[in-house]
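Worksheet: one structure, shown below.
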Amino acid sequence: MTSSPSPESFPLPPQSFRTLRPEPRARAARPWDVALTIVLLVLLPLLALGASYAGVLLAFASDACGADRCDIALMNLGFWAAVISPWVVLVLGLVVTIVRLVRHRLAFWVPLVTIVMMAAAWFVAAAIVGAGVSAS
């Protein structure tokens with residue numbers, strides 16, 4: 001007589017072995033990505049400082065204003081946007097970069113996008129100041 005194997009020898013039924021998945025491997029940190037990201041993160045505050053300084057220089061746009069030729073409120077909005085927006089973009093870029101580094105994802109591109117966003121924010125603010133100068 002042939003006896004079937006005891007249930008204690010097989011903890012899982014044979015059908016379940018087809019559905020088991022291997023454990024996902026943890027992502028390895030890329031040393032070149034971490035090094036490049038750190039270098040770019042060190043440069044970001046310097047670029048934000050430069051963009052804020054360029055924003056302060058937008059105050060000289062009011063030299064072209066006469067008695068009633070400029071919209072001072074619009075120029076003020078553009079001025080403060082040019083001074084503050086690089087720092088807001090910097091903080092957002094830092095947070096996203098650190099989260100990506102902690103999760104071992106490619107992160108060097110985030111500071112590069114942050115630099116582009118700082119420049120774009122400055123140009124938008126300069127356009128707002130320019131619109132205030134040309135308002136009559």
Side-chain angles (χ1 to χ4, degrees):
M1 290 183 64
T2 311
S3 66
S4 63
S6 67
E8 297 87 32
S9 63
F10 297 108
L12 294 174
Q15 298 84 9
S16 66
F17 286 108
R18 288 182 284 179
T19 61
L20 292 178
R21 303 262 190 270
E23 295 264 340
R25 289 186 3 202
R27 292 185 178 113
R30 297 172 184 97
W32 64 269
D33 178 50
V34 173
L36 182 59
T37 304
I38 290 172
V39 167
L40 291 171
L41 286 178
V42 168
L43 291 177
L44 277 180
L46 298 174
L47 294 171
L49 184 64
S52 280
Y53 183 71
V56 168
L57 294 178
L58 286 175
F60 290 112
S62 65
D63 289 347
C65 293
D68 293 330
R69 290 184 40 208
C70 294
D71 184 358
I72 300 298
L74 190 61
M75 290 177 63
N76 215 6
L77 174 74
F79 170 77
W80 285 110
V83 171
I84 295 172
S85 65
W87 299 102
V88 172
V89 173
L90 170 74
V91 169
L92 292 174
L94 283 174
V95 168
V96 171
T97 303
I98 291 170
V99 166
R100 289 190 68 85
L101 282 175
V102 167
R103 292 183 178 175
H104 298 288
R105 300 212 177 202
L106 205 59
F108 79 93
W109 61 270
V110 178
L112 295 175
V113 170
T114 304
I115 292 169
V116 171
M117 293 300 294
M118 278 184 198
W122 187 88
F123 280 110
V124 167
I128 292 171
V129 170
V133 171
S134 65
S136 39

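Hydrogens, waters and symmetry mates are skipped; everything else that's a heavy atom, side chains included, is used.
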- Any side-chain heavy atom of V83 sitting closer than 4.5 Å to one from V56? yes

- Message: Let me check something: do V96 and I115 share a hydrophobic cluster, defined by ILVMFWY side-chain heavy atoms less than 4.5 Å apart, either directly or through other members?
- Response: yes

- How long is the gap from CG on D33 to NE2 on H104, to the nearest 0.5 Å? 11.0 Å

- Message: Going by the rule side chain to side chain contact (heavy atoms under 4.5 Å, CB included), which residues pair with V113 if we only count those two or more places apart in sequence or in a different chain?
- Response: W109, M117

- Message: Starting from L106, can I reach L112 by hopping between I/L/V/M/F/W/Y residues whose side chains sit under 4.5 Å apart?
- Response: yes

- Message: With a 4.5 Å cut-off on side-chain heavy-atom distances among I, L, V, M, F, W and Y, is there a chain of contacts connecting L94 to L47?
- Response: yes

- Query: Do you know which two heavy atoms are closest between A107 and P111, and how far apart they sit?
  - Reply: O-CD, 3.2 Å

- Message: Nearest 0.5 angstrom please: Y53 OH to L58 CG, how far?
- Response: 12.0 Å

- Message: Which heavy atom of A82 sits nearest to which heavy atom of G55, and what is that distance?
- Response: CB-CA, 3.6 Å

- Item | Qualifying residues under side chain to side chain contact (heavy atoms under 4.5 Å, CB included), relative to W87, sequence neighbours excluded | A48, L49, S52, L90

- Please name the pair of heavy atoms, one in P86 and one in A81, separated by the smallest distance, quoted to 0.1 Å. CD-O, 4.2 Å

- Could you state whether L41 and V89 fall into the same hydrophobic cluster, counting links through intermediate Ile, Leu, Val, Met, Phe, Trp or Tyr residues with side-chain heavy atoms under 4.5 angstrom apart? yes

- How many angstroms lie between atom CG of L101 and atom CD1 of I38, to the nearest 0.5 angstrom? 7.0 Å

- Query: Which ILVMFWY residues are connected to V102, directly or by a chain of links, through side-chain heavy atoms under 4.5 Å apart?
  - Reply: I98

- Same cluster or not: are L46 and W122 linked, directly or through other Ile, Leu, Val, Met, Phe, Trp or Tyr residues, by side-chain heavy atoms under 4.5 angstrom apart? no

- Query: Out of curiosity, I128 CD1 to N76 CG, how far, rounded to the nearest 0.5 Å?
  - Reply: 11.5 Å

- Item | Interatomic distance, R30 atom CZ to L36 atom CG [nearest 0.5 angstrom] | 12.5 Å

- Hey, what do you get for SG (C70) to CE (M75), rounding to the nearest 0.5 Å? 5.0 Å

